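Read through the structure below, which is laid out as C-alpha cells, and then see the notes.
Please read these numbers as outputs of a predicted model, since none were measured by experiment.
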Amino acid sequence: MQNNLSTNSGILAFVFSLLRKMCKTFNSTIEILFYSLFYLFQVKWKGKDLFDLVCRTLGLRETWFFGLQYNIKDTVAWLKLEKRVLDQEVPKEEPITFHFLAKFYPENAEEELVQDITQHLFFLQVKKKILEEEIHCPPEASVLLASYAVHAKYGDYDPNIHKPGFLAEEELLPKRVINLYQMTAEMWEERITACYAEHRGRTRDEAEMEYLKIAQDLDMYGVNYFLIRNKKGTDLLLGVDALGLHIYEPENRLTPKCSFPWNEIRNISYSDKEFTIKPLDKKTNVFKFNSSRLRVNKLILQLCIGNHDLFMRRRRVDSLEVQQMKAQAREERARKQVERQRLQREKQLREEAERARDELERRLIQLQDEAHMANEALLRSEQTADLLAEKAQIAEEEAKLLAQKAAEAETEMQRIKVSAIRGQEERRLMEQKMLEAEMLALKMAEESERRAQEAEQLKQDLQEARESERRAKHKLLEITSKAVYVVTSPGLPPDNMPPDVSFSRENLSFDFKDTDMKRLSMEIEKEKVEYMEKSKHLQEQLNELKTEIESLKLKERETPLDIIHNQNTEQGTSKHSNFKKVATNSAPW
C-alpha cells in the first residue's frame with residue numbers, strides 16, 4: 001500500500017463512514033470508539049490527522065477542549081497531535097481503541113461553550129461521570145440535575161404523555177443517592193417529575209446548559225486526581241482543573257488543603273518522578289512531590305500546560321476565529337428564538353382553532369339532540385291528539401245514545417200519565433211507576449249532562465293537543481331554519497367552513513422586522529442581568545428539595561464524601577471560596 005494520502009481515498013471513505021455510524025449513537029454515550037485497522041496507519045498519519053478527521057465529521061470547531069484518550073497498562077494517556085500515531089505508546093494489538101473525550105473543562109460553561117455540539121458533548125460526559133459517581137453530587141442537586149436531563153430527552157412535560165412510570169427504565173440518579181434514603185422508585189420519580197414540570201418552555205440546548213451550570217459548581221467537577229507523596233513520604237492527592245492545582249488528603253477529595261491558582265504559579269517542571277511547583281511569589285516555598293511513575297508526571301505536566309494556556313486565553317481578547325464563532329452562535333440563537341416564537345404563536349392559533357372547532361362540534365351535537373327531542377315530542381303530540389280525537393268521538397256517540405234513552409223515557413212517562421185515569425189503584429200504582437220513571441228520567445238526564453260535560457272536556461283536550469302539536473311543529477321549524485354549522489378539519493376546503501368560523505392563512509402569517517431583532521437582543525441582555533436572581537432561585541430550589549427528602553435519609557449509609565459535603569455546607573464553604581486558601585508556604589507538607 002502506498003504512503004501517499006491521495007492514493008488512499010478508499011481508506012478515508014471507510015473511516016468517514018465508520019465515524020458517521022458511530023455518531024448516530026451520540027445521544028446514548030459520550031465515548032466514541034475508533035477501531036483503527038493496521039492498514040490505516042500505513043499512511044503515516046499523525047495524531048492531528050486522526051483528531052481533525054473526527055472533529056470534521058462531528059462538525060466540531062471548539063477542538064481545544066477535547067482529545068483522544070487511550071489506555072496504557074494501568075493508567076490513561078492522551079494522543080499527542082504532533083507525533084505519528086504508531087510512534088506513540090499506543091497499544092500494539094488490533095484493534096486500537098480511542099475514546100473521544102473532553103480533556104479540559106471550561107470555567108464558565110455558559111460563557112465559553114459556543115457550539116451546540118460542544119455543549120451536548122460536555123453534557124453527556126458530565127452526566128455519565130455523575131451517575132458513575134466519579135463526581136460527587138449531593139442528593140438535592142442530583143434530583144434537580146435528573147429533571148433537566150429528562151427535559152433534555154423528552155422536551156416539555158405533558159401529563160397526557162408522561163404518565164407515572166415513564167422514567168422506570170431511565171438511569172437518572174447515582175446509586176449512592178438511591179441507597180441513602182428510604183424511598184421507592186415511584187417516590188423518586190414523583191420528585192423528579194415535579195421539578196421537570198417546572199422547566200416548561202425550555203429547549204433541549206437550554207436544558208443541557210442549565211444542567212452544566214449546576215454541575216460546574218460541584219466540588220469534583222473537572223478535576224483530574226493523581227496519587228502523590230510529599231517530601232515527608234505522606235500520601236496526598238494532586239488535583240488539576242481549569243482554575244489551578246489543588247492538594248487533597250486521600251480520603252477527602254472535596255476540600256483541598258492547599259490551592260495554587262494558575263496566575264500565581266511561575267513554573268512547573270519535573271525530573272524523573274519528582275515534580276516541582278514554583279509559586280510566582282519568590283518568598284513562598286517551592287512545593288515538591290513524587291509520583292508513582294514517570295508516565296504520570298508526563299500526564300500531569302500535559303494537563304497543567306493545557307489548563308494554564310486556556311486560563312490565560314480566557315483573560316485575553318478572543319481570537320478572530322472565536323469572535324466569528326460567537327457571532328454566528330448569537331445569530332443562530334436569535335434565529336432559533338424568533339423561530340420558536342413564531343412556532344409558539346402558530347401553535348397557539350392552532351390550539352384556538354381546535355378549541356373553536358371542538359366548540360362548534362359540541363354545539364352541532366347539541367342542536368342535533370334538540371332536533372331529535374323536538375321530533376320525538378312532535379310524534380308524541382300527534383299520537384296524543386289522535387287518541388284524544390278517538391275518545392271525543394266515543395263520548396259524542398255515548399251522549400247521543402243517552403239522549404235517545406232520555407227521549408224514550410219521556411215518551412213512556414206520557415203514556416203512563418194517559419193510562420193513569422184507569423183507577424185510583426191503578427193511579428197510585430201508576431203514580432208510583434211514574435215517580436220511579438221520573439227518578440229514572442232524572443238520573444238519565446244527569447248522566448246525559450255528565451256525558452255531555454265529559455265530551456266538552458275531551459273537545460277542549462283535543463284542542464289543547466292540537467295547539468301543542470302546532471307549537472312543536474313551529475319549534476322544529478325554527479331549529480331547522482337556523483344556519484347549519486359545518487365543522488371542518490384543517491384538510492377540508494374552505495367552501496365547507498361555516499360563515500361565522502373561517503380560518504384563513506392570513507391569521508398565520510407574521511412579519512418580523514428589525515425591531516424584533518432589537519427587542520430580542522434587549523431580552524438577551526436582560527437575561528444576563530437576571531442571572532444572579534436565577535442563581536438565588538436555584539439555591540432556594542435545591543434547599544427545598546433537600547428539606548423534602550431529609551426526613552427519609554439513612555444516616556448510617558452516608559459515605560465519607562457525603563459527610564464532608566454536609567460539613568462544608570454547614571460551614572458555608574463552596575468550591576470557589578477554596579481559592580482564598582492559597583498556600584503561603586509548604587511547611588505542612
Of the non-hydrogen atoms in [X] and [Y], which two are nearest, and what is the gap between them?
X      : Y      : value
Pro91  : Asn71  : CG-O, 3.5 Å
Ile117 : Gly59  : CG2-O, 4.0 Å
Pro106 : Ala109 : CG-CA, 4.1 Å

Just wondering, do [Y] and [X] contact through their side chains at under 4.5 Å, heavy atoms?
X      : Y      : answer
Leu245 : Trp262 : yes
Gln368 : Leu364 : yes
Thr63  : Cys55  : yes
Lys153 : Glu170 : yes
Ile228 : Asp235 : no
Val54  : Phe66  : no
Phe51  : Lys80  : no
Leu68  : Tyr70  : no

Once rounded to the nearest 0.5 Å, what's the spacing between atom [atom1] of [X] and atom [atom2] of [Y]?
X      : Y      : atom1 : atom2 : result
Thr255 : Leu561 : OG1   : CG    : 9.5 Å
Leu310 : His308 : CG    : NE2   : 11.0 Å
Leu173 : Ser142 : CG    : OG    : 6.0 Å
Tyr105 : Leu212 : OH    : CG    : 10.0 Å
Cys304 : Leu301 : SG    : CG    : 6.5 Å
Leu121 : Leu113 : CG    : CG    : 10.0 Å

Legend entry - ring-ring contact (aromatic ring centres under 6.0 Å, His included) partners for Trp78, two or more places apart: none
Legend entry - Contacts of type ring-ring contact (aromatic ring centres under 6.0 Å, His included), residue Phe226, not counting sequence neighbours: none
Inset, instruction - Test His246 against Asp241 for side chain to side chain donor-acceptor pair (under 3.5 Å), laying out the working first. - result: CA-CA 8 Å; His246 315 281; Asp241 67 0; 3.0 Å; yes
Legend entry - NZ/Lys103: more than 12 non-hydrogen atoms of other groups inside 6.0 Å: yes
Inset, instruction - Look at the rings of Tyr148 and His199 and say which category their plane angle falls in: under 30° parallel, 30 to 60° tilted, over 60° perpendicular. - result: parallel
Quick one: salt bridge (Lys or Arg N to Asp or Glu O under 4.0 Å) partners of [X], sequence neighbours excluded?
X      : value
Arg315 : Glu107
Asp309 : none
Glu359 : Arg362
Glu111 : none

Legend entry - Verdict with supporting geometry, Leu50 and Phe98, side chain to side chain contact (heavy atoms under 4.5 Å, CB included): CA-CA 10 Å; Leu50 183 59; Phe98 296 99; 4.1 Å; yes
Inset, instruction - For this output row, return yes or no: ring centroids of Phe122 and Tyr211 closer than 6.0 angstrom. - result: no
Who are the side chain to side chain contact (heavy atoms under 4.5 Å, CB included) partners of [X], not counting sequence neighbours?
X      : answer
Ala152 : Phe123, Arg204, Ala207, Glu208
Thr203 : Asp205, Glu206, Arg340
Gln182 : Leu554
Ala329 : Val114, Arg333

Quick check: does any side chain N or O of [X] sit under 3.5 Å from a backbone N or O of [Y], one acting as donor and the other as acceptor?
X      : Y      : answer
Gln115 : Arg61  : yes
Gln69  : Phe100 : no
Tyr248 : Gly239 : no
Glu249 : Lys257 : no
His151 : Arg200 : no

Inset, instruction - I would like to know whether Asp358 and Glu361 meet side chain to side chain contact (heavy atoms under 4.5 Å, CB included); could you show each step before the answer? - result: CA-CA 5 Å; Asp358 295 340; Glu361 289 179 350; 3.9 Å; yes
Inset, instruction - Show your working on salt bridge (charged side-chain N to carboxylate O under 4.0 Å, His left out) between Lys336 and Glu339 and close with a plain yes or no. - result: CA-CA 5 Å; Lys336 288 182 179 180; Glu339 182 67 15; over 6 Å; no
Ion pair [X]/[Y], N-O distance below 4.0 Å:
X      : Y      : answer
Lys175 : Glu133 : no
Arg350 : Glu354 : yes
Lys213 : Glu210 : yes

Legend entry - Test side chain to side chain contact (heavy atoms under 4.5 Å, CB included) applied to Tyr154 and Leu167, step by step: CA-CA 11 Å; Tyr154 292 98; Leu167 298 178; 4.1 Å; yes
Legend entry - Summary of salt bridge (charged side-chain N to carboxylate O under 4.0 Å, His left out) pairs that have at least one residue in residues 179-192, sequence neighbours excluded: none
Inset, instruction - Return each pair, listed once, that meets side chain to side chain donor-acceptor pair (under 3.5 Å) where at least one residue sits in residues 158-167; pairs must be two or more places apart or across chains. - result: none
Inset, instruction - Using the side-chain hydrogen bond (donor to acceptor under 3.5 Å, both in side chains) rule, pick out the option among Arg335, Arg330, Gln328 that qualifies with Glu332. - result: Arg335
Legend entry - Residues Asp52, Leu81; criterion side chain to side chain contact (heavy atoms under 4.5 Å, CB included); working and verdict: CA-CA 9 Å; Asp52 290 344; Leu81 304 183; over 6 Å; no
Inset, instruction - Could you give me the CA-CA distance, side-chain angles and deciding distance for Arg345 and Gln348, then say whether side chain to side chain donor-acceptor pair (under 3.5 Å) is met? - result: CA-CA 5 Å; Arg345 284 194 289 269; Gln348 183 177 0; over 6 Å; no
Inset, instruction - Quickly, which of Leu145, Thr193, Leu172 forms a side chain to side chain contact (heavy atoms under 4.5 Å, CB included) with Val150? Name it, please. - result: Leu172
